There are 2 protein chains.
Amino acid sequence: MIGTEIPVLAVLCGDRRPPDMDAVEAAAEIRYTDEKGLPDALRGADALFVYDFLSTAVPGAWHAADRIRWVHIASAGVDPVMFPELRESDVVLTNSRGVFDDSIAEYVLGVVIAFAKDLPRSLELQRQRRWQHRESERVAGRRALVVGTGPIGRAIARLLRAAGLDVSGMGRRARGEDPDFGTVHASADLVRVAAGFDYVIAVAPLTDETKGMFDAAAFAAMKPSARFVNVGRGELVVTDELVTALRAGEIAGAALDVFDTEPLPVDHPLWTLDNVVISPHMSGDFVGWRNTLVEVFADNFARWRDGRPLRNVVDKQLGYVPSGH
Amino acid sequence: MIGTEIPVLAVLCGDRRPPDMDAVEAAAEIRYTDEKGLPDALRGADALFVYDFLSTAVPGAWHAADRIRWVHIASAGVDPVMFPELRESDVVLTNSRGVFDDSIAEYVLGVVIAFAKDLPRSLELQRQRRWQHRESERVAGRRALVVGTGPIGRAIARLLRAAGLDVSGMGRRARGEDPDFGTVHASADLVRVAAGFDYVIAVAPLTDETKGMFDAAAFAAMKPSARFVNVGRGELVVTDELVTALRAGEIAGAALDVFDTEPLPVDHPLWTLDNVVISPHMSGDFVGWRNTLVEVFADNFARWRDGRPLRNVVDKQLGYVPSGH
């Protein structure tokens, strides 16, 4: 926007208000709200900051958004706001691309090495005070497929390669000579190429095309020694089929940071499989991440106030920020 | 040796005979033995292969070694054969330098990331089916001190640096501009420099100078947020003082692969400290390591038969293979 009017900004945050909002507060009328108050907060608002990025309340409150022109979400994945009314509107959508890249990459390398060195078993034996020598796997030379060629996938590819793994990518379209991935396979070829990899890492955006792409056929196509890592979205996976594949030994293990239902229900079978590592949607959340998320938003807010181009503009047809933007 | 005589080779291996010994067996009279039979096996033997590298039986049997000219040990650390009679003799001692370097480096990077990402706690919460989000630490930019500048320490330094850590080394003498470490501090300065590091990694050879170097004063000098990693020898550490430091919160955690008593006794307090990761002296033992150890020995055996220079000749005064040899 350009003008002298003070804009009205709705901030969906529930009880946990974003830190470091002073600069934004000085330049906007801010309506901090929880899910229940969202329709009232949206009525007459110019922009919406979805700070509570796990909330699914935006579609249901959207009927009240009578003058919104910009929505920003404090996450990399934009699937919680990918509903038809927003998608087909002129509202500009931006995300927090870049904040989580390197932290998630470190998490992925950590679980890869943990699998190779049998660290979960060492911790279990330690609990039992049992000294039981095992041989471990090398990491260098193992092959990893990173499914998702956005900035997080690229950071993962670079770090795994630095640790000696042989990395390929998977995206919408096949291509060669990618600077981070070398070869990029097409997602449509997952079942055909999966057998070639020791680690398959899911970090694709959740779209109509990627939803459920890791299903029984995909797991059956992987090596029995393969490990599956999900740092993308739970809905990329047909969870029941993953459980079946793990129980049947079709793959050797999984490290899961995201789930189709979060928190993972207490009676879910994934909790108890001994070849699974579960973490509670935290792989990217380094100390200081909330401040960084607000920095990214505040930078875009200043741009929006000044009429300058926004950063991280989502292609609402693709469902993510296209590369090079 | 050079000559037409068939040499006699004693192999200390207990019940577990080394694999892939065909080439050596074709060129020597081999006496496979356990600790009890070692004196008889040594009597009249030309060479000794200490395949059971954790055995401490060699000094007690050495009185029977009446014509030994070469001892090879299937490990990087040579402390089990660093007794005065061997040290002061003309017997050549070689080790298995190089076999474990990259595997141990992967283990070290794995525990560093596991600490940063709070992986042990995630596994404990998983056992309790508890979903509890925590913020995690970044790995990139953290400072690591690798104590020990041999080939294993160098492999650790290179891999940690590849993962974005800022790495320094510590050796007998201070020096700058080292290709792997940049700055190398002198061991004598441990207490003075320890406060500058987030991770302190012990991989020094066990010698009179390094024994017990990680003591109360060293741990007190480290940051309260520091983690200590030992992949060298248990005796580098004053274990009781490490336990005290961990309990007092003088350091934040430890990952220990080696102990002054192995197996670690079942009633040892280290088993139960929740900021400790214990593994049973396995960090270097990748699938295939036993074959690789025999390859290294067999190569040296062929050299010895032919009168060619041996690889990995230990400086018996230093207690390790000097760099550049």
Side-chain angles (χ1 to χ4, degrees), chain A residues 102-103 105-107 109-140 159 161-164 255 257 259 262-268 270-272 276-290, chain B residues 102-103 105-120 122-140 159 161-164 255 257 259 262-268 270-272 276-290:
Chain A
D102 293 328
S103 190
E106 291 174 350
Y107 170 91
L109 178 57
V111 295
V112 163
I113 303 181
F115 278 129
K117 304 304 174 186
D118 208 18
L119 186 60
R121 178 81 180 136
S122 287
L123 291 165
E124 175 62 21
L125 289 165
Q126 178 175 345
R127 222 171 50 80
Q128 303 171 21
R129 304 185 181 206
R130 286 171 62 197
W131 180 274
Q132 190 177 298
H133 182 276
R134 292 99 64 212
E135 296 181 345
S136 62
E137 299 169 19
R138 288 297 312 276
V139 172
L159 190 59
R161 184 168 290 129
D257 188 55
F259 303 87
E262 295 181 5
L264 186 65
V266 71
D267 59 350
H268 200 286
L270 279 174
W271 284 115
T272 56
V276 172
V277 174
I278 288 174
S279 52
H281 202 146
M282 61 180 269
S283 72
D285 302 347
F286 57 94
V287 174
W289 66 298
R290 292 188 176 276
Chain B
D102 294 329
S103 190
E106 291 174 351
Y107 170 91
V108 170
L109 178 58
V111 295
V112 163
I113 304 181
F115 278 129
K117 304 305 173 186
D118 208 18
L119 185 61
S122 287
L123 291 165
E124 175 61 22
L125 289 166
Q126 178 177 345
R127 220 171 52 79
Q128 303 171 19
R129 304 185 182 206
R130 287 171 61 197
W131 180 273
Q132 189 179 298
H133 182 275
R134 290 101 62 211
E135 295 181 346
S136 61
E137 299 167 20
R138 289 296 313 275
V139 172
L159 190 58
R161 185 167 289 129
D257 189 55
F259 303 88
E262 296 181 3
L264 186 65
V266 72
D267 59 351
H268 201 285
L270 279 173
W271 283 115
T272 57
V276 172
V277 174
I278 289 174
S279 52
H281 203 147
M282 60 180 269
S283 71
D285 302 347
F286 58 94
V287 174
W289 67 298
R290 292 187 177 277

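We name chains A, B, ... by the order of the sequence lines, and we start the count at 1 in each one. Atoms considered below: every heavy atom in the structure, side chains included; atoms not considered: hydrogens, waters and symmetry mates. Remember, it's a predicted structure, so these values are computed and weren't measured experimentally.
The parts of A:Ile278 that come within reach of chain B are both its backbone and its side chain, each placing non-hydrogen atoms under 4.5 angstrom from that chain. The contact between B:Leu264 and chain A is made by backbone and side chain atoms together, counting heavy-atom distances below 4.5 Å. Only the side chain of A:Phe259 comes within contact range of chain B, with heavy atoms under 4.5 Å apart. Heavy atoms of B:Ala114 lying under 4.5 Å from chain A belong exclusively to its side chain. Residue contact with chain A, scored on non-hydrogen atoms closer than 4.5 Å, is absent for B:Val112.
Distance check: B:Trp131 CH2 to A:Ser279 OG gives 7.5 Å after rounding to the nearest 0.5 Å.
Of the listed residues (B:Ala163, B:Gly164, B:Ala116, B:Ser136), the one with the most heavy-atom contacts under 4.5 Å to chain A is B:Ser136. Contacts with chain B were tallied for A:Ile113, A:Leu270, A:Asp267; A:Ile113 has the most, counting heavy-atom pairs under 4.5 Å. Ranked by non-hydrogen atom pairs under 4.5 Å with chain A, the options B:Ala162, B:Ser122, B:Pro263 are led by B:Pro263. Ranked by heavy-atom pairs under 4.5 Å with chain A, the list B:Arg129, B:His281, B:Arg130 is led by B:Arg129. Highest contact tally toward chain A, considering only B:Arg134, B:Gln132, B:Arg290, is held by B:Arg134 [criterion: heavy-atom pairs under 4.5 Å].
Using a 4.0 Å cut-off between charged nitrogen and carboxylate oxygen, B:Arg127 and B:Glu124 count as a salt-bridge pair.
Residues meeting the ring-ring contact (aromatic ring centres under 6.0 Å, His included) test with B:Trp271, sequence neighbours left out: none.
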Test side-chain contact (heavy atoms from CB on, under 4.5 Å) applied to B:Glu106 and A:Glu137, step by step:
CA-CA 10 Å; B:Glu106 291 174 351; A:Glu137 299 169 19; over 6 Å; no
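Contact of the B:Leu109 side chain with the A:Leu109 side chain is registered, since non-hydrogen atoms from C-beta on lie closer than 4.5 Å.
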Output side-chain donor-acceptor pairs under 3.5 Å for residues 282-289 of chain A, partner residues at least two apart or in another chain, one line each.
from	atom 1	to	atom 2	distance (Å)
A:Ser283	OG	A:Asp257	OD2	3.1
A:Asp285	OD2	B:His133	NE2	2.6
A:Trp289	NE1	B:Glu135	OE2	2.8

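When atom types are taken as modelled, the side chain of A:Gln126 and the backbone of B:Val276 share a donor-acceptor pair closer than 3.5 angstrom.
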